[in-house]
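Numbered from 1 within each chain, the chains take letters A, B, ... in sequence-line order. When reading the values below, keep in mind they use all heavy atoms of this one structure, side chains included, and skip hydrogens, waters and symmetry mates. Nothing here was measured: the structure is a model prediction, and the numbers come from that model.
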Protein chains: 2
Amino acid sequence: MYIVRQGMIQPQPAVPSMTSTLVSPTPDMPHARRQGISRDDLLAATLKLIGPNRSLSTVSLREVAREAGIAPNSFYRQFRDMDELSIALIDLAGSSLRTIIGQARERATSTERSVIRVSVETFMEQLRADDKLLHVLLREGAVGSDGFKHAVERELTYFEDELRIDLIRLAAADGATLYEPALVAKAITRLVFAMGAIAIDQPPERDPALIEDISTMLRMIITGSHALERVAN
Amino acid sequence: MYIVRQGMIQPQPAVPSMTSTLVSPTPDMPHARRQGISRDDLLAATLKLIGPNRSLSTVSLREVAREAGIAPNSFYRQFRDMDELSIALIDLAGSSLRTIIGQARERATSTERSVIRVSVETFMEQLRADDKLLHVLLREGAVGSDGFKHAVERELTYFEDELRIDLIRLAAADGATLYEPALVAKAITRLVFAMGAIAIDQPPERDPALIEDISTMLRMIITGSHALERVAN
DNA sequence: GCGGACAATATACATGTGTATACACGATCG
DNA sequence: CGATCGTGTATACACATGTATATTGTCCGC
């Protein structure tokens with residue numbers, strides 16, 4: 001089957017898993033005759049198909065069905081079309097990433113600097129994880145249907161919000177104030193995702209150097225924000 | 001036909017145009033029997049096809065031929081396949097953008113701050129231009145064949161290099177020094193392109209606000225770089 | 001045990017694709 | 001003028017796709 005750490009896509013526990021919210025939103029089926037294939041199976045199959053050169057919009061319904069080992073028409077029992085599946089995948093990837101980064105932040109809530117570091121490292125770690133979930137968010141941001149793009153945008157905005165709150169908290173702990181924290185959060189988020197898109201196509205050996213670079217960039221942004229705040233007052 | 005300002009795709013001056021380098025790289029044809037369709041025509045047709053929801057990798061050879069008004073097979077006279085055409089398009093978009101931004105920089109080489117402003121404004125202007133050339137660079141960065149992605153990466157790197165040189169020059173004119181100018185240039189470039197990708201899907205009314213936001217972000221980065229340089233010494 | 005319901009399949013069809021082959025035109029040059 | 005060659009086209013084929021329709025198989029409640 002398909003096992004992802006963090007219990008995002010379980011081996012197959014009859015009833016899907018947590019993370020859900022959208023995965024099988026109606027678990028109130030009487031008995032479920034014989035649920036051969038599940039939404040999660042299709043999501044997993046899709047993840048296997050998208051590689052460095054394949055984006056979601058180029059994956060066909062039949063391919064997914066083939067990969068999942070079902071007849072093409074069985075696909076319709078789970079999703080109306082590839083677009084619906086894609087959106088589900090994006091939401092899954094977003095919530096998963098936020099969970100993981102959130103845990104990383106809690107783990108290292110000491111100085112502003114080390115939090116940045118740990119978050120960036122965790123991000124890159126996810127990038128290399130074999131579930132490819134992050135890949136979805138990284139490269140599907142610009143293409144696809146409207147619903148598609150809105151889904152990506154929504155996830156990134158969630159991410160921004162959580163980051164903004166964290167940044168404010170951290171700055172306060174250091175007795176400082178940030179200039180335009182919302183913009184800082186947005187800049188950091190977009191920059192990290194853009195750099196992640198670069199990293200994904202590079203050999204993993206360069207990851208440490210990239211982590212270094214990204215961390216420096218983020219320090220520039222945050223330091224600059226502090227400086228501008230001082231100027232503004 | 002298809003006219004783009006800056007003479008990127010000329011109305012049809014027998015021999016293509018400048019910008020070339022890659023457009024018709026062998027102009028040493030004896031007389032050119034009867035050149036009904038040109039590479040530029042196909043590029044223009046492709047630009048018409050890619051919209052907010054279409055990426056280059058989802059445009060088919062036949063579609064381009066149809067849009068250009070030629071038989072599918074005639075396509076092969078100009079490009080081996082869509083991949084080759086896509087790369088040509090990317091190179092065209094990149095060199096065009098660099099020219100335009102370069103001119104904008106020269107036009108306003110006063111203070112560091114105004115240069116940023118003018119560059120960002122020019123960038124957004126291009127975003128709304130009707131030739132959609134910038135769109136190619138914005139949304140094709142993450143998907144497609146290897147040659148494809150390398151082409152995008154190459155153009156962005158060119159962009160970074162020119163920006164870095166400019167940043168150093170500007171800082172020197174202000175009697176300051178930048179911390180890690182290469183990283184600053186990279187951060188700015190990637191951030192601007194990422195924000196551009198957001199802008200493209202928003203109504204143009206929000207452009208002014210976005211320009212404001214982006215400018216602030218860039219000021220944070222540059223201010224931060226100055227600050228870090230001071231700390232480092 | 002059995003009828004019915006429902007998941008999953010098999011078959012089929014219209015459409016779009018990339019490309020191979022063969023052909024038609026028109027300019028060029030001997 | 002006529003041969004030739006470059007350019008564009010028409011036709012064709014094999015294949016993949018999304019989806020409609022009909023069919024099978026299996027489990028449930030009776």
Side-chain angles (χ1 to χ4, degrees), chain A residues 1 12 14-16 23-46 49-50 53-87 144-145 147-148, chain B residues 1 12 14-16 23-46 49-50 53-87 144-145 147-148:
Chain A
M1 288 294 112
Q12 190 112 305
V15 175
V23 180
S24 58
T26 57
D28 50 356
M29 202 184 305
H31 270 139
R33 304 279 163 164
R34 186 178 58 109
Q35 65 207 58
I37 215 72
S38 73
R39 287 169 72 97
D40 286 0
D41 290 325
L42 289 183
L43 292 181
T46 308
L49 288 171
I50 61 173
N53 295 329
R54 302 284 313 270
S55 90
L56 269 181
S57 22
T58 70
V59 174
S60 75
L61 181 154
R62 281 178 113 109
E63 268 179 305
V64 173
R66 218 175 297 137
E67 179 71 37
I70 61 170
N73 268 327
S74 300
F75 181 99
Y76 296 119
R77 305 268 172 192
Q78 314 295 341
F79 300 98
R80 184 150 27 135
D81 49 20
M82 277 302 291
D83 231 78
E84 194 175 293
L85 180 148
S86 299
I87 292 174
S145 74
F148 203 105
Chain B
M1 286 295 116
Q12 191 111 306
V15 174
V23 181
S24 57
T26 56
D28 49 357
M29 203 183 304
H31 270 139
R33 305 278 165 163
R34 186 179 60 106
Q35 65 209 57
I37 213 73
S38 74
R39 288 168 72 96
D40 285 1
D41 290 326
L42 290 183
L43 293 181
T46 308
L49 288 171
I50 60 171
N53 294 330
R54 298 286 312 272
S55 90
L56 270 181
S57 22
T58 70
V59 174
S60 76
L61 181 152
R62 282 178 113 109
E63 266 179 306
V64 173
R66 217 176 297 136
E67 180 71 37
I70 62 171
N73 269 327
S74 301
F75 181 99
Y76 296 118
R77 306 266 179 200
Q78 313 296 342
F79 300 99
R80 189 156 17 144
D81 50 20
M82 277 302 291
D83 231 80
E84 194 176 292
L85 180 148
S86 300
I87 292 173
S145 72
F148 202 104

Please determine if a side-chain N or O atom of R80(A) lies less than 4.0 Å away from the OP1 or OP2 oxygen of dT19(D). no

R39(A) CZ to dA8(C) P: how many Å, rounded? 14 Å

Side chains of residues 64-82 of chain A: which donor-acceptor pairs under 3.5 Å do they make with residues two or more places apart or in other chains?
| unit_1 | atom_1 | unit_2 | atom_2 | d |
| --- | --- | --- | --- | --- |
| Q78(A) | NE2 | I37(A) | O | 3.2 |
| D81(A) | OD1 | D83(A) | N | 3.3 |
| D81(A) | OD1 | E84(A) | N | 3.0 |

For atom CG of L61(B) and atom P of dA16(D), their distance in whole Å: 18 Å

Roughly how many Å is it from CD1 in I37(A) to P in dC6(C), rounded to a whole number? 20 Å

In whole angstroms, how far is the P atom of dA20(D) from the CZ atom of F75(A)? 14 Å

Closest of dT17(C), dT9(D), dT19(C) to the A71(B) side chain is dT9(D)

Is there any protein nitrogen or oxygen under 3.5 Å from a nitrogen or oxygen in nucleotides 13-15 of chain C, and what are the pairs?
none

Approximate separation, where rounding is to 0.5 Å, of N53(A) CG and S57(B) OG: 10.0 Å

Listing time: all N or O pairs from protein to nucleotides 22-24 of chain C that are below 3.5 Å?
none

Can you figure out which of dG8(D), dG18(C), dT17(D) approaches the side chain of R66(A) most closely? dT17(D)

Could you tell me whether the side chain of R39(A) and the main chain of L43(A) form a donor-acceptor pair under 3.5 Å? no

Rounded distance in Å - CG (L49(A)) to C1' (dT17(D)): 15 Å

Choose from dT17(C), dT9(C), dT17(D) the nucleotide whose nearest atom is closest to any side-chain atom of E63(A). dT17(D)

Contact class for S60(B) (heavy atom, under 4.0 Å): base, sugar-phosphate, or nothing? sugar-phosphate

Between G69(A) and V59(B), name the one whose nearest nucleotide on DNA chain C is closer to the 5' end. G69(A)

In whole Å, I'd like the distance from the CZ atom of F79(B) to the P atom of dG18(C). 15 Å

Interatomic distance, CZ@R54(A) vs OG1@T46(A), rounded to 0.5 Å, equals 10.5 Å

In whole Å, what is the span from the CG atom of D81(A) to the C1' atom of dT17(D)? 14 Å

Tell me the interatomic distance from M82(B), atom CE, to dT17(C), atom P, rounded to whole angstroms. 11 Å

